[in-house]
Engineer: 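Could you have a look at this structure, given as structure tokens, before my questions?
Just so you know, ligand 1 is whichever comes first in the structure, and atom 1 is the first atom listed for that ligand. Sequential numbering from 1 along the given sequence is applied to the chain's residues.
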Amino acid sequence: MTGSEGENLKRILEISLKMLEKYPLCDNCLGRQFALLGFGVDNCDRGRAIKLLLALSAHEMVLSKDKREREEGMAILKMLATNGSLKMAQDLLRRMKRRFGEEKECFLCGGCFKNLQEITDKVIKSLEEYEFNDFLVGIKLPLEVEEREDEFKAEFSVQYSESIRNELSRLIGREVTRKLGKNANYMKPQIVVLVNPFSGDISLQVNSLFIAGRYRKLIRGIPQSKWICIKCRGKGCERCGWTGKMYPESVEELIAKPILEATLGEGTSFHAAGREDRDARMLGRGRPFIIEVKKPKKRNIDLKSLEKSINEYAKGKVEVLNLRLADKEDVRKLKGMEGAQKVYRVIVRFDREVTDDELARLERELSGAIIYQRTPMRVLHRRSDKLREKHIYEVKVKRLSKDSIEMRIKCQGGLYVKELITGDNGRTEPSVSKIIGAKAEPVDLDVLDVFTRR
Ligand SMILES: [Zn+2]
Ligand SMILES: [Zn+2]
């Protein structure tokens, strides 16, 4: 042994002895002060190894011829039996017919490492009804516990320790992994278990499950999202027929119900790339959406069969396709997609006959046009009044009768198409009414495509 190795060993033992003389410490709490020394060993083994070494050396002192050394050794053994709760020291003292005091509760953890198995069992039980693949254990500590440890570390100039929070979270997490075969995930855990090992309180933060897809709305007259009754605000009144809703069904509800049934979640929120009017259909490849399931009990969902049950449940009204799992980040992207290009088909009726020349001019003037649009009168009560500039990329016009046409409009997202037709009393410029010089009304409106590339 070189001089410096001997010095280091002596120092570890000396500091530990000082700690134990002053404070009762369990194996974990003593070992944790040296947690960064060594590898692949638990703090409780570190702590126990140090206590054993101290006991061996104290025993040797007890066997000495020198009376003072004998007394000193005996004092250390008694201290290890009480403050260190070391069974070996207790047994040794009993064999020597020496009396010693009661074991003392650990100064740093108050004995919570002793009860860890019980707490861990409780954690595992609390997770029982949830399906998950990864998790994280978060530790809630009483403030005084952390402060006590900080002061303790300062008092003994501890350099190689781990925090009590870290050790608790690590040990509980490891046990959950061992028992349930699930992995800890520090970045995006599906479930966070919050444990207070001092009070025994356990709470779960079950993170949402996100399912993305596209929906097609095959009929007119249902809104995209659940629309709370404006009179009773959802409580139920005469106006809403005691449903609390303005409309009995919505795209959101038609999709959400089978999803809630499959995931056993506590609720959903619906996110989509823009929205169509209640009286417009959403056709083509459908509109991208993400449904967020709150506190799901089931996550490992067969999306193909979920798709089938939604399409069964919403038959003839709404259809979903391309279901896949998504995450929070995808919701953010989806929201940013409101300005994505759209293709609309609208049936327009004029209050007089229109000529082929007029229709050719309409197509020419709107293709490539910039539309200046103030917030439409019909939504002014819920949106602020502002001026938007929206591009129209292409317009195709087809005559249906003397006074009606079909228009296909490829435009920037956010363009109010009904107002593009009527002109909204001059709030939208140019407009179909203005270009033709006749009153134009949108009869039917469908969304044919939503482009997700930006
Ligand atoms: Zn302790
Ligand atoms: Zn109501």
Side-chain angles (χ1 to χ4, degrees), residues 15-36 41-52 54 79-87 89-90 101-120 137 139-156 158 160-172 174-175 195-200 222-223 225-250 252-253 278 381-382:
I15 293 175
S16 300
L17 188 59
K18 276 194 191 131
M19 289 171 174
L20 282 165
E21 273 168 352
K22 191 153 179 199
Y23 302 107
L25 294 172
C26 70
D27 294 352
N28 291 78
C29 288
L30 177 62
R32 190 169 64 252
Q33 311 310 321
F34 307 96
L36 301 183
V41 179
D42 275 339
N43 288 337
C44 63
D45 293 333
R46 278 190 184 83
R48 204 174 126 71
I50 291 173
K51 287 178 185 176
L52 285 175
L54 289 172
M79 183 275 290
L80 288 170
T82 55
N83 275 7
S85 301
L86 183 67
K87 195 168 169 299
Q90 294 167 359
E102 297 256 302
E103 276 187 22
K104 290 195 192 134
E105 197 87 288
C106 175
F107 171 69
L108 290 177
C109 74
C112 88
F113 282 96
K114 248 186 347 206
N115 304 326
L116 207 57
Q117 190 57 51
E118 201 182 307
I119 288 164
T120 307
V137 174
I139 302 291
K140 275 191 183 168
L141 290 180
L143 187 61
E144 67 264 23
V145 171
E146 277 180 296
E147 282 175 353
R148 205 184 299 148
E149 194 180 53
D150 284 345
E151 283 164 21
F152 179 90
K153 283 184 194 168
E155 182 176 349
F156 296 99
V158 170
Y160 295 105
S161 74
E162 179 185 18
S163 70
I164 185 168
R165 175 189 301 282
N166 207 58
E167 180 174 12
L168 285 166
S169 141
R170 207 165 43 74
L171 292 184
I172 297 172
R174 189 174 65 188
E175 198 61 8
V195 187
N196 182 332
F198 289 80
S199 65
I222 52 177
S225 44
K226 183 175 160 183
W227 203 331
I228 301 294
C229 172
I230 49 167
K231 196 167 172 210
C232 65
R233 299 193 177 277
K235 274 187 250 140
C237 67
E238 216 158 315
R239 176 184 174 151
C240 59
W242 311 100
T243 60
K245 306 185 287 186
M246 299 291 277
Y247 301 98
E249 290 182 319
S250 62
E252 172 181 4
E253 289 162 285
R278 191 170 57 86
H381 63 283
R382 55 192 166 92

Engineer: With the Zn ion (ligand 1) at the centre, find the angle made by SG from Cys106 and SG from Cys26, to 10°.
Structural biologist: 110°

Engineer: For atom CD of Glu144, decide whether the heavy atoms of other residues, nucleotides or ligands shown that lie under 6.0 angstrom number more than 12.
Structural biologist: yes

Engineer: Could you enumerate the protein N, O or S atoms under 2.8 Å from the Zn ion (ligand 2), written like residue then atom name?
Structural biologist: Cys229 SG, Cys232 SG, Cys237 SG, Cys240 SG

Engineer: Run the salt-bridge test on Glu105 and Lys114 with the 4.0 Å N-O cut-off and return the result as yes or no.
Structural biologist: yes

Engineer: More than 12 non-hydrogen atoms from neighbouring residues, nucleotides or ligands closer than 6.0 Å to NZ on Lys140, yes or no?
Structural biologist: no

Engineer: Would you find more than 12 non-hydrogen atoms of other residues, nucleotides or ligands less than 6.0 Å from Arg48 atom CZ?
Structural biologist: no

Engineer: Give me the ring orientation class for Tyr23 and Phe156: parallel if the planes are under 30° apart, tilted from 30 to 60°, perpendicular past 60°.
Structural biologist: perpendicular

Engineer: Step through the shown structure and confirm whether more than 12 heavy atoms of other residues, nucleotides or ligands are within 6.0 Å of CZ on Arg382.
Structural biologist: yes

